[in-house]
Amino acid sequence: MLTILFDGVAYGMLLFVLACGLAVTLGLMNFVNLAHGAFAMAGGYITAVLMNRYGVPFLLTLPLAFIGPALLGLVLERTLYVQLYARSHLDQVLFSIGLVFMAVAAIDYTMGSQQQLIQLPGWLQGRVDVLGVQVGLYRSFIIGVCGVLVIALQLILTRTRFGSRLRAAVDDPRVARGLGINVSAIFATTFAVGSGLAGLGGALGAEILGLDPTFPLKFMIYFLIVVTVGGTTSITGPFLASLLLGIADVAGKYYLPDFGAFIIYTLMIVVLVLRPQGLFAHGR
Amino acid sequence: MQDKPFMSSLTTDEVATSLRRKGRWGLGEVLFWLAAAATLFFLPERHLILNEIAIIGLFAVSLDLILGYAGIVSLGHAAFFGVGAYVAGIFAKEMTGDPLTGLAVAGVAAALLGFATSFLVLRGADLTRLMVTLGVALVAGEIANQASWLTGGADGLQGIMMGPLLGMFEFDIFGTTAYAYSLVVLFVLFVVARRIVHSPFGLSLRSIRDNSLRARAVGIPVNRRLVAIYTISAAYAGIAGGLLAQTTQFVSLDVLAFHRSADVLLVLVIGGVGYLYGGLIGAVIFKVLQDILSSMTPQYWQFWIGLILVVLVLAGRERLTERARFLAGRLFGRSAGAPRTAPAREGRP
Amino acid sequence: MTPALETIGLQKRFGGLTATDNVSFRLEKGARHALIGPNGAGKTTFINLLTGVIPPTSGRILLEGADITRLCPELRVQRGLARTFQINQLFPAMTPLETLGLAVSERKGSGRDWWRVFGSDREIVDEVVGIAQRFRLADVLDERTSNLPYGKQRLLEIAVAFACEPRVLLLDEPAAGVPEAERHELLATVAALPRDVSVLLIEHDMDLVFSFAERISVLVNGGLFTEGTVDEIAADPRVRAVYLGESVDE
């Protein structure tokens, strides 16, 4: 029981790191980016390739799994995404689905369609008994890393100049521009960081979520649930939604293996119909 | 001085004629359908793929009814297609192999689901609608997956035996009966859809799409209209799915998959949104492209779909559609219907 | 006599802000009534309450004696309460012919009709042409609305509301933004509205108010400040004081 809770929290934290970039894209640029999962997949594959082909240690691959997708995100944002901010949501959806399809086929072509397995270092394998609860070492590691990231993000958003500018830009881009804030630079930076975090999440999650070319499609709905249920007005909303989803998913798969997905999708619909702004958004 | 300003020649008769002209069939349209009918006789070896084109075309027309005319974006239209397919398949297995009865049942089942879920898409902005429609399709897919005693689950629904069409025409392995059947169903439903979009009801849908606040202020019951068209569209999609199940005599979970919903969106977008023929033209282009591209690189056909989508959007889909519709309007004798502005971008409320 | 439109203790609060404060207002049958007030007085909120776009916090709204407080916007229109919008709310991709036809078909209950081709009903077409002539739109019936000159768009805005055959018509700044050259045409058509339609004019432009209205109500800070005939209001020093600082002829 507590083990399930623990695994759920780890899963939820992972989901948050994967999806928080999407929350920012949606909240800041009002852009529906269904291709977010592709950046996560990129991070996962960077780690898998570096470890399996070049024997790079797991921990060393993680920074690269962040930097690679971040650079990719930066380039794509500046060249392609930037042209679509003013377009309809339908156009944005079509465009990003197109990117997903291309990414899926491209990875399939270069890497093959099989699951990528990564060999975790020995000190992260196995479980230990803490106060009678079986705790997986790797999941503890994930909770630790993701926890640090969450706290760091929160601090950046609330304590730094960049954070306050970002929040100003989210509130009203036009006013922010009037105040002399370089909104498009903020867009680009946050997009890159969001993509990087997704990549890092993909690398960390390769062991738990699995990694194959259909990753962006398989987890697209999870990311979307996190941001639509959590709302995009704060970072705590998506965080709580991630934890909830993580715990519900793990518990659902354990107790009701046949209906887990069914329940999650149904709950999502109910929440969206009752609270279109998200479960944790402040009513306006 | 008279109250009536000096103007004119404009009489009720002329106005009525000008209005009715829009509903009349143009030469291009007649030629389009004659060409379609001609393929029945001149391209016998292509009937299997033509059958698929007709089915996808009908599916895309159904999406056009809600997206192009009522402005409802959907990422889960496959829900209705899939339900129609499964119902038609199961009905043929368990009840009777008569195609037309089965097709009607499939349409009704999808319409019921459409009616029930239409209330979920009434409120909310584009994003909410996208998520809700996607969610409905996922739930449907999950149910079909779990209820394997009924649907065959991941193995698919096998052993569907269809009776002869109208008690006379057996389905043949070349797909000729199948294609003729699908084409006639498509034509009949297209004519109905065409009537719908040119009717006062269709006009009120366009007004809702363009400005629902104003539509309400004219006294249009916005929600009821949206429920109605969503239900009709679902029935169309269900019939398209039913046709697929009956003519291929097989249903797999694939009919409810996300890529179905994405593909039909692509088909419609290629052909152009909001003038009905877009879905049909898109279906032809899509299938032909798929045929050519997948013969080059069978597994990676998806890559090219993606590329087409990206390029299409970057090149300005709306503008291209506008041009396509202009040409179609010329060709089809100005009957192409609604000139369409970009759907109002809904800001965050 | 039952007033055409009446509000009783109408109130609307947004959080801590009272946008409409206990407004009890009567619009008599056949009236030419103007509602004025400085910017931010709550005129738009008041209209939105009347038409049902937003629900009131408390109070009642009666249309010809019948309570419509909880009715949805489209049903109010069907009961005979139509409005125009301050900023054009038209269907840019449609022609005036289609726009007017839409309103007329809807009123005649054929908006549900999905089988007949639009325009095949002579009665509807007749009526559309009649309205188009009244509002001087007959020569632009087949143009795209977005291509019309602004003055014509404003005329269409009023014509659409009129096509709903209202017994009460709310005109929300009908002349706003209309260039001087097209203004006369607009004012003339407003003045020529039939007498059996009761009109409430929400306006900033004092010239228009004084030329059109017979009674004037003044709204200040969400509440009804005073009401009277044109002469009374024009002579009221308090009204002048309220408008001081606001330019009167803006």
Side-chain angles (χ1 to χ4, degrees), chain A residues 26-27 30 32 34-35 79-80 83-84 86-109 113 170 213 217-218 220-221 224-225 227-229 232-233 258-278 284, chain B residues 67 71 73-75 117 119-143 145-146 257-259 261-262 265-266 269 273 297 299-314 316-318 342-349:
Chain A
L26 198 63
N30 193 16
V32 184
L34 299 186
T79 52
L80 301 182
Q83 303 180 33
L84 294 166
R87 302 277 273 279
S88 67
H89 279 148
L90 178 63
D91 273 346
Q92 299 172 353
V93 163
L94 291 168
F95 169 78
S96 51
I97 289 184
L99 283 187
V100 171
F101 282 173
M102 287 170 75
V104 167
I107 290 286
D108 196 344
Y109 178 70
S113 60
V170 172
L217 281 176
K218 247 192 297 190
M220 180 181 79
I221 183 73
L224 287 170
I225 291 176
V227 296
T228 45
V229 170
T232 55
T233 47
D258 289 347
F259 302 103
F262 178 80
I263 291 170
I264 283 177
Y265 300 148
T266 314
L267 277 180
M268 173 195 82
I269 295 174
V270 171
V271 168
L272 283 179
V273 169
L274 296 181
R275 300 284 312 259
Q277 296 301 308
R284 289 197 194 177
Chain B
L67 179 62
V73 285
S74 170
L75 261 186
T117 55
F119 297 94
L120 304 177
V121 299
L122 288 181
R123 290 197 318 147
D126 285 352
L127 181 65
T128 317
R129 283 174 168 175
L130 287 171
M131 291 294 295
V132 168
T133 50
L134 178 61
V136 168
L138 287 168
V139 168
E142 202 54 41
I143 292 174
N145 187 23
Q146 295 302 332
F258 171 73
H259 79 83
S261 303
L265 205 52
L266 171 67
V269 164
V273 178
T297 47
Q299 280 160 294
Y300 312 115
W301 138 250
Q302 226 185 9
F303 181 85
W304 303 109
I305 298 191
L307 189 64
I308 292 169
L309 272 175
V310 170
V311 170
L312 208 59
V313 172
L314 287 176
R317 180 180 63 82
E318 298 280 354
R345 196 172 131 79
E346 296 191 46
R348 282 170 296 157

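These numbers were taken from a predicted model, which means no experiment stands behind them.
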A.B. asks: Pick one of side chain, backbone, both or neither for B:Val132, based on which atoms fall under 4.5 Å of a heavy atom in chain A.
C.D. replies: both

A.B. asks: Do B:Leu266 and A:Ile97 have side chains that approach each other closer than 4.5 Å (heavy atoms only, starting at C-beta)?
C.D. replies: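 In short, these two side chains do not touch, never coming nearer than 4.5 Å.
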
A.B. asks: Testing the basics here: between B:Met131 and A:Ile225, what is the closest heavy-atom pair and its distance to 0.1 Å?
C.D. replies: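 Nearest pair, atom of B:Met131 first, then A:Ile225: CE-N, 3.9 Å.
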
A.B. asks: For the residue pair B:Gly306 and A:Phe101, what are the closest heavy atoms and their distance?
C.D. replies: CA-CB, 3.8 Å

A.B. asks: So for A:Val32, is it side chain, backbone, both, or neither that comes closer than 4.5 Å to the heavy atoms of chain B?
C.D. replies: side chain

A.B. asks: Is it the side chain or the backbone of B:Leu130 that comes within 4.5 Å of chain A heavy atoms, both, or neither?
C.D. replies: side chain

A.B. asks: Using heavy-atom distances under 4.5 Å, tell me whether B:Leu138 contacts chain A through its side chain, its backbone, both, or neither.
C.D. replies: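 Interface part for B:Leu138: both.
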
A.B. asks: Is there a side-chain contact between A:Phe95 and B:Leu309 (heavy atoms, below 4.5 Å)?
C.D. replies: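 They are not in side-chain contact.
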
A.B. asks: Minimum heavy-atom separation for A:His89 to B:Leu127, with atom names?
C.D. replies: ND1-N, 4.4 Å

A.B. asks: Looking at B:Glu142 and A:Tyr265, what are the two nearest heavy atoms and their distance?
C.D. replies: OE1-CE1, 4.3 Å

A.B. asks: Check each atom of B:Leu122 against the heavy atoms of chain A and say whether the ones under 4.5 Å are side chain, backbone, both or neither.
C.D. replies: neither

A.B. asks: What are the two closest heavy atoms between B:Leu134 and A:Ile221, and how far apart are they?
C.D. replies: CD2-CD1, 3.6 Å

A.B. asks: Relative to chain A, which segment of B:Val136 carries a heavy atom at a distance below 4.5 Å: side chain, backbone, both, or neither?
C.D. replies: both

A.B. asks: Look at A:Asp91, A:Leu80, A:Val273 and state which one has the largest set of heavy-atom pairs under 4.5 Å with chain B.
C.D. replies: A:Asp91

A.B. asks: Which bit of A:Val93 comes within less than 4.5 Å of chain B, counting heavy atoms only: side chain, backbone, both or neither?
C.D. replies: side chain

A.B. asks: May I ask you to test the A:Leu34-B:Leu75 pair for a side-chain heavy-atom distance under 4.5 Å?
C.D. replies: yes

A.B. asks: Check whether any side-chain heavy atom of A:Leu84 sits under 4.5 Å from a side-chain heavy atom of B:Val313, and report yes or no.
C.D. replies: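 The answer is yes, as the side chains (C-beta and beyond) meet within the 4.5 Å cut-off.
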
A.B. asks: Quick one: what part of A:Leu267 sits under 4.5 Å from any heavy atom of chain B, side chain, backbone, both or neither?
C.D. replies: neither

A.B. asks: Does B:Thr128 reach the side chain of A:Thr228, with side-chain heavy atoms less than 4.5 Å apart?
C.D. replies: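 In short, these two side chains do not touch, never coming nearer than 4.5 Å.
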
A.B. asks: Give, as side chain, backbone, both or neither, the part of A:Ile264 having an atom under 4.5 angstrom from any heavy atom of chain B.
C.D. replies: neither

A.B. asks: Please indicate whether A:Tyr109 has more than 12 foreign heavy atoms, meaning atoms of other residues, nucleotides or ligands, lying under 6.0 Å from its OH.
C.D. replies: no

